[in-house]
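See structure below.
For the single chain, residues carry numbers from 1 onward in sequence order.
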Amino acid sequence: MSQSTTLPPHRTAGAPPAVREPAHVPVAHVVRGGIVEGVHHGSVVVLAADGSVAFQAGDIEAAFYPRSALKPVQAVGLLRAGLPPLDDPLLALVAASHSGEERHLAGARDILALGQLAEDEMRNVPDLPYDPAVRDEWIRRGLGPTRLAQNCSGKHAAMLLTCRTRGWDLDNYLDPGHPLQRELAATVEDLTGQGIARVTVDGCGAPLFSVSLHGLTRAAARLATAAPGTGEGRVAHAMRTHPEMVSGSRRDVARLVGAVPGLLAKDGFEGVQIAALPDGRAVGVKIADGGDRARMPVTAAALARCGIDPGILAPFATTPVIGGGTPVGALRAADTLTS
């Protein structure tokens with residue numbers, strides 16, 4: 001697969017975002033003893049219920065790679081492409097970056113079984129479980145990397161099942177020219193409202209489509225506001241009702257979904273986060289250096305701008321900075337986001 005290619009825009013999509021160095025701004029401060037010790041740059045967009053931009057910081061229109069934050073959109077694309085009906089926990093797993101818990105592995109096996117498929121037919125990269133505690137237990141048991149344990153196995157199992165259902169070739173399902181990937185690209189362009197700027201390879205080996213942070217957040221809002229029974233509505237309902245399948249029992253994203261009624265949320269590597277409410281209010285976050293520690297405090301600040309009760313967001317708004325075993329400061333969103 002080419003490391004960076006372009007696709008012709010879908011006929012209903014707008015122009016692709018510009019490929020440029022994003023003009024990120026400070027979005028999070030690491031404060032120790034009253035002094036700003038570190039700064040995370042990034043970009044943030046907050047959409048109002050009518051879809052207009054209520055707040056922005058940094059560069060929300062430059063092309064970027066959403067990484068796994070794009071999985072909910074790809075899950076909708078799989079439904080449009082012919083993925084057979086799945087129950088809500090399994091559909092949530094299709095949109096997941098899972099922790100590698102037994103429930104996740106069992107779910108991926110169940111999806112494969114629906115198509116009489118085997119684990120070794122998946123083309124994702126074998127890996128250890130993502131959750132540190134699960135990974136440590138895995139290693140204690142003498143287990144090594146597997147395709148099922150890799151955090152994208154739900155998506156890959158669903159890709160194979162869709163191909164089996166449609167009679168498409170299984171061996172090259174990750175090729176961007178494969179009918180499946182063209183269907184997924186069309187869905188990305190439809191829901192983001194813009195053409196795909198570039199196509200490269202994600203960490204799991206699947207094609208990765210570049211859009212803008214604004215476009216990605218617009219897609220999240222479309223899922224969150226979708227009518228029940230539509231592909232978008234089905235994915236949103238599954239993710240809301242089974243956040244532990246989308247991430248894991250100890251992940252901050254699952255806790256955030258549990259704390260904020262009706263929230264749809266998905267994280268991605270390199271500091272990406274989307275979150276959307278049923279009325280269309282939505283946020284998108286990109287941390288420039290990929291630092292995961294800044295992702296949730298910045299997301300909490302963006303959600304506060306949506307009107308979410310700060311008391312609900314308080315557990316997510318700061319991370320303690322430790323000195324000598326005790327808190328001496330905090331990592332928190334920059335004042336430009338909170339004032």
Side-chain angles (χ1 to χ4, degrees), residues 10 12-13 46-52 66 68-98 103-104 107-108 110-111 114 154-155 157-159 161-162 165-166 180 183-193 211 215-247 251 253-268 273-284 299 303 306-309 312:
H10 188 253
T12 61
V46 177
L47 299 183
D50 64 2
S52 63
S68 287
L70 192 62
K71 282 178 179 172
V73 178
Q74 291 172 305
V76 174
L78 286 166
L79 290 173
R80 292 182 179 183
L83 177 67
L86 301 175
D87 63 23
D88 287 342
L90 291 186
L91 186 55
L93 185 65
V94 174
S97 300
H98 66 70
R103 73 181 91 192
H104 303 130
D110 288 345
I111 294 172
L114 290 171
K155 177 180 75 174
M159 286 180 173
L161 178 56
T162 304
T165 302
R166 292 291 298 272
L180 174 72
E183 293 262 5
L184 297 186
T187 299
V188 170
E189 293 188 329
D190 176 37
L191 294 180
T192 63
V211 292
L216 176 68
T217 309
R218 185 163 50 230
R222 289 190 63 179
L223 266 68
T225 59
T230 63
E232 296 93 320
R234 289 167 58 194
V235 170
H237 176 75
M239 293 178 66
R240 287 177 178 129
T241 54
H242 296 278
E244 77 288 347
M245 293 298 287
V246 180
S247 54
R251 298 269 288 281
V253 179
R255 295 196 304 273
L256 181 67
V257 171
V260 181
L263 189 71
L264 173 75
K266 183 69 184 76
D267 57 339
Q273 180 73 56
I274 52 172
L277 293 156
D279 66 359
R281 290 171 292 163
V283 305
T299 300
L303 285 171
C306 287
I308 302 301
D309 182 354
I312 293 176

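- Closest approach of Pro84 to Thr165, counting heavy atoms only: CG-OG1, 3.2 Å.
- Between the CG atom of Leu161 and the CD1 atom of Ile111 there is a distance of 7.5 Å, given to the nearest 0.5 Å.
- Taking CZ of Arg234 as the reference point, atom CG of Leu223 lies at 12.0 Å (rounded to 0.5 Å).
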message = Apply side-chain contact (heavy atoms from CB on, under 4.5 Å) to residues Leu180 and Leu78 and explain how you reach the verdict.
response = CA-CA 8 Å; Leu180 174 72; Leu78 286 166; 3.6 Å; yes

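- For the pair Leu303 and Leu263, the minimum side-chain heavy-atom distance is below 4.5 Å.
- To the nearest 0.5 Å, atoms CG (Leu79) and OG1 (Thr187) are separated by 9.5 Å.
- Considering all non-hydrogen atoms of both residues, Ala95 and Ala75 come closest at CB-CB, 4.1 Å.
- The side chain to side chain donor-acceptor pair (under 3.5 Å) analysis of residues 74-94, with sequence neighbours excluded, yields the pairs Arg80-Asp190, Arg80-Glu232, Asp88-His237.
- Looking only at side-chain heavy atoms (C-beta outward), Val76 and Arg222 stay at 4.5 Å or farther from each other.
- Residues passing the side chain to side chain donor-acceptor pair (under 3.5 Å) test with Asp279 are Arg281, sequence neighbours excluded.
- Residues Pro261 and Ala259 approach most closely at CD-O, 3.5 Å, considering heavy atoms.
- Residues Leu277 and Ile308 are in side-chain contact: their nearest non-hydrogen atoms beyond the backbone lie under 4.5 Å apart.
- The shortest distance between side-chain heavy atoms of Pro243 and Val253 does not fall below 4.5 Å.
- For the pair Leu70/Leu216, a side-chain contact is recorded, criterion being any heavy-atom separation below 4.5 Å from C-beta on.
- Summarising the geometry of Ala220 relative to Leu264, their closest heavy-atom pair is O-CD2, 3.8 Å, with the distance given to 0.1 Å.
- Applying the side-chain contact (heavy atoms from CB on, under 4.5 Å) test between His98 and each of Met245, Arg103, His104 identifies His104 as the sole match.
- The side-chain contact (heavy atoms from CB on, under 4.5 Å) check on Ala221 picks up Ala282, with sequence neighbours excluded.
- Under the 3.5 Å distance criterion, the side-chain polar atoms of Gln273 are left unmatched by any main-chain donor or acceptor of Gly284.
- When all heavy atoms of Ala238 and Ala92 are compared, the pair lying nearest together is O-CB, 3.6 Å.
- Distance alone, capped at 3.5 Å, places no donor-acceptor pair between the Lys266 side chain and the Ile274 backbone.
- Contact record, Gly107 with Leu93: C-CD2, 3.5 Å, taken as the closest heavy-atom pair.
- By the 4.5 Å heavy-atom criterion applied to side chains, Asp110 and Leu86 are not counted as neighbours.
- Thr162 is not listed as a side-chain neighbour of Glu183, based on a closest heavy-atom distance of 4.5 Å or more.
- In this structure, Leu256 CG and Arg251 CZ are separated by 12.5 Å, a value rounded to the nearest 0.5 Å.
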